[in-house]
Amino acid sequence: MSDSDLKTRKSIRQKLERPKRYQVILLNDDFTPAEFVVFVLKGEFRLDVLQAEHVMETAHKKGANVVSTYPRDVAETKVSRATETAVRMGYPLKFIVEPEE
Ligand code: TYC
């Protein structure tokens with residue numbers, strides 16, 4: 001094993017797997033305005049207006065909905081930025097990040 005293999009201690013199986021992707025899941029709540037949810041989905045997650053409205057409406061009806069999938073750091077950064085924007089506006093909008101199956 002090379003030095004870098006020993007440092008990272010990744011198995012050969014892990015090296016060959018495609019990098020895991022993470023789902024960003026939008027959670028419904030009773031207080032955040034629908035228009036603000038659409039604004040965040042467009043601005044932070046780069047959805048177009050029709051996709052953003054559809055994702056928002058499905059979360060509103062079902063309680064939660066997948067926004068999209070990303071590498072873990074990208075998913076977490078987008079969620080932090082979106083949540084900070086909501087907090088600044090006084091809205092309780094929440095997302096969860098979870099590994100795709
Ligand atoms: N349920 C909110 C309302 O009626 C709108 C909303 C939709 C909030 C989706 C969050 O993830 C959400 N104002």
Side-chain angles (χ1 to χ4, degrees):
M1 239 194 243
S2 73
D3 277 349
S4 72
D5 288 334
L6 285 170
K7 272 188 206 124
T8 62
R9 289 178 187 274
K10 270 193 171 176
S11 69
I12 289 170
R13 182 183 54 75
Q14 282 174 313
K15 279 186 240 172
L16 293 174
E17 274 171 3
R18 81 187 155 87
K20 207 189 270 295
R21 292 182 70 86
Y22 289 75
Q23 294 182 325
V24 169
I25 299 170
L26 169 67
L27 302 182
N28 187 39
D29 66 72
D30 291 338
F31 304 103
T32 307
E35 298 72 26
F36 178 79
V37 179
V38 169
F39 169 81
V40 166
L41 293 176
K42 286 162 62 190
E44 189 55 52
F45 296 94
R46 313 308 298 170
L47 303 192
D48 68 35
V49 64
L50 290 180
Q51 291 171 319
E53 286 173 352
H54 186 254
V55 167
M56 179 280 296
E57 276 163 14
T58 304
H60 176 74
K61 281 191 205 128
K62 299 198 164 171
N65 192 23
V66 177
V67 177
S68 193
T69 66
Y70 306 94
R72 179 159 43 183
D73 56 340
V74 176
E76 282 169 355
T77 301
K78 286 182 184 298
V79 165
S80 296
R81 290 168 51 99
T83 307
E84 275 165 25
T85 306
V87 165
R88 278 202 300 277
M89 297 296 292
Y91 299 138
L93 186 65
K94 293 281 181 297
F95 299 85
I96 54 180
V97 174
E98 65 175 38
E100 203 179 46
E101 304 86 70

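Just so you know, these numbers use all the heavy atoms, side chains as well, and skip hydrogens, waters and symmetry mates. The shown structure was predicted, so the numbers you read here are calculated from the model rather than taken from an experiment. Just follow the structure's listing: the first ligand is 1, and inside any ligand the first atom is 1.
When each of Arg72, Lys20, Arg21 is tested with Pro99 by the rule side chain to side chain contact (heavy atoms under 4.5 Å, CB included), just one qualifies, namely Lys20.
Within the structure, the ring-ring contact (aromatic ring centres under 6.0 Å, His included) test picks out no pair touching residues 52-89 (sequence neighbours left out).
Arg81 and Glu44 are joined by a salt bridge, as a carboxylate oxygen and a charged side-chain nitrogen come within less than 4.0 angstrom of each other.
Side-chain atoms of Val67 and Ile25, non-hydrogen and from C-beta on, never get closer than 4.5 Å to each other. Taking the side chain as every heavy atom from C-beta outward, Thr58 and Lys61 never approach each other to under 4.5 Å. Annotation: side chain of Leu41 is in contact with side chain of Leu26 (closest heavy-atom distance under 4.5 Å).
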Between ligand 1 and the protein, which N/O pairs fall short of 3.5 Å?
| unit_1 | atom_1 | unit_2 | atom_2 | d |
| --- | --- | --- | --- | --- |
| ligand 1 | 1 (N) | Asn28 | OD1 | 2.8 |
| ligand 1 | 1 (N) | Asp29 | O | 2.7 |
| ligand 1 | 1 (N) | His60 | ND1 | 2.8 |
| ligand 1 | 11 (O) | Leu27 | O | 2.8 |
| ligand 1 | 13 (N) | Thr32 | O | 2.9 |

